[in-house]
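Everything below concerns the one structure shown next.
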Amino acid sequence: MKEIILCKLGEIVLKGLNRSAFEKLLIKNIKKSLSSVGTCDISCKQSTITIIPQDDFFDIDIAVSKLQKVFGIVAISKAALCEKDFSEIVKIAKEYLYLPLSMAKTFKVNAKRSDKEFPMNSPQICAELGGELLETFSNLSVDVKNPQVTVTVEIRDRFAFVSCEKFQGAGGMPIGSNGKCALLLSGGIDSPVAGYMIAKRGVSLCCIHFYSYPYTSERAKEKVLDLAKIMTDYCGEMKVFIVPFTKIQEEIKKNCKEEMFTLVMRRYMMKIAEKIALSQNASGLVTGESIGQVASQTLSALAVTDDAVSIPVFRPVIGMDKEEIVQISKKINTFETSILPYEDCCTVFTPKHPKTKPVLKYVVYEENKLDKENLINEAVENVEVIIL
Ligand code: ATP
Ligand code: MG
């Protein structure tokens, strides 16, 4: 008996003429995600991707856990592959589903017949297979409304599949189907979640981190790289740009009014990020800001930050409470790393009384006290690039 994996596609199926391009991209992403598991045959038909292992070492459970992080898939099931012969289907259902069926009290059979040449229709498959299973498993009775086990039989073009276990997929759209953005990644809780949410909509990412050595330690940088590494499970390969930011921060501290330190600093971050984004063909910036979370995230402060760049700034967690963001960070495994206690460059030069209702022209006035072009160019030229 051969065990295989079936993946149900999400929104892609609504994509009219572009659908096959989306499917090809998803197959490519699946191939990459399973490359370390072993060789397999991957094909797509009728809103389902079928994955058939081609070597004995292919671990189905590891493959399922990897597939649960691939955007574009809404549900995953492990299934047994059968010839399209009813007595074979019955035999394999009894054998493959022996454990769940012998432990359950109630079940139902769900049949899907996309090959209309198959001699039995769906209600006949349900009735006859149900009868066979009742005979073999005396512990079982049928419950069509709320069964403990649902046995699914799919009659497709080449084979039939029998399954009962279903796993939730990550949903969303395949990475790479909706362009590219640059994520401003701090070591905090919010920015990895913001990146995850934008990636879920099919946007591929590169990350930019501002690093203020020696005010922030080597460990703080390692922590950000660890976060980016965790994100690659969902986002695929990513470039991380580490920007040396110490000199700009020191210049801000020396020249600008203290109450505007953070805003001036954030405008410099945005301008540098924009340059890097454009060099990478990324068409927007992503941050983990949420309205009112800190002084630099009031509506007027966000407007001052936005004004620094001409590409769009996306903030997927803008309307979320911290607790909601924490829930997602736990789900995507970044929480434990995010809460490790290393300083971020934002917190090093925090003013005692930051402006919460800044006026743009006064912030720009402070910003212009620095040798702007040269500082920005120097930071961009000295960026360290790490590929994860
Ligand atoms: P987070 O939890 O993501 O650190 P935060 O609530 O601490 O966010 P801020 O420190 O004000 O908020 O930062 C707001 C956003 O600015 C972050 O979500 C991130 O996108 C970006 N950011 C902050 N610090 C850095 C940094 N050192 N490098 C890159 N981006 C940063
Ligand atoms: Mg932060």
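Note that the structure is a prediction, hence the values are computed from the model and not measured. When a ligand or atom number is given, it counts from 1 through the structure's own listing order. For the single chain, residues carry numbers from 1 onward in sequence order.
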- Task: Taking only Lys NZ, Arg NE, NH1 and NH2, and the carboxylate oxygens of Asp or Glu, determine whether Asp306 and Arg315 approach each other closer than 4.0 Å.
- Result: yes
When rounded to the nearest 0.5 Å, the distance separating CZ of Arg158 from OG1 of Thr50 is 9.0 Å
In ligand 1, the atoms that come under 4.0 Å of a heavy atom of Glu289 are 14 (C), 15 (C)
Please confirm whether the ring centroid of Phe71 lies under 6.0 Å from the ring centroid of Tyr196.
yes
So OG of Ser163 and CG of Leu97: to nearest 0.5 Å the spacing works out to 7.5 Å
Within the 4.0 Å heavy-atom cut-off, what Ser296 brings close to ligand 1 is side chain
Exercise. Between Glu366 and Lys257, is there a salt bridge with N-O shorter than 4.0 Å?
Worked result: no
If you apply the rule side chain to side chain contact (heavy atoms under 4.5 Å, CB included), what do you find for Val153 with Ile155, and how did you get there?
CA-CA 7 Å; Val153 180; Ile155 313 288; 4.0 Å; yes
Quick look: Leu185 vs ligand 1, heavy-atom contacts under 4.0 Å, and the answer is backbone
Q.
Would Pro192 count as being in polar contact with ligand 1, using the rule that some N or O on each side must be under 3.5 angstrom apart?
A. no
Taking atom types as modelled, find out whether Asp226 and Thr337 have a side-chain donor-acceptor pair closer than 3.5 angstrom. no
Nearest heavy atom to atom 17 (C) of ligand 1, choosing from Gly288, Gly188, Ala194, belongs to Gly288
Here the pair of heavy atoms bringing Ile175 nearest to Cys235 is CG2-O, 3.8 Å
Note: heavy atom closest to atom 12 (O) of ligand 1, options Gln297, Met270, Lys322, Arg266, belongs to Gln297
Numbered in order shown, the ligand 1 atoms found under 4.0 Å of a heavy atom of Gln293 are 5 (P), 6 (O)
In terms of its nearest heavy atom to atom 30 (N) of ligand 1, the top option of Leu227, Thr287, Leu184 is Leu184
Is Phe210 in polar range of ligand 1, meaning some N or O pair under 3.5 Å apart? yes
The answer for which part of Ile208 has a heavy atom under 4.0 Å from ligand 1 is backbone
Under 4.0 Å from one or more heavy atoms of Met269, ligand 1 contributes atoms 24 (N), 25 (C), 26 (C)
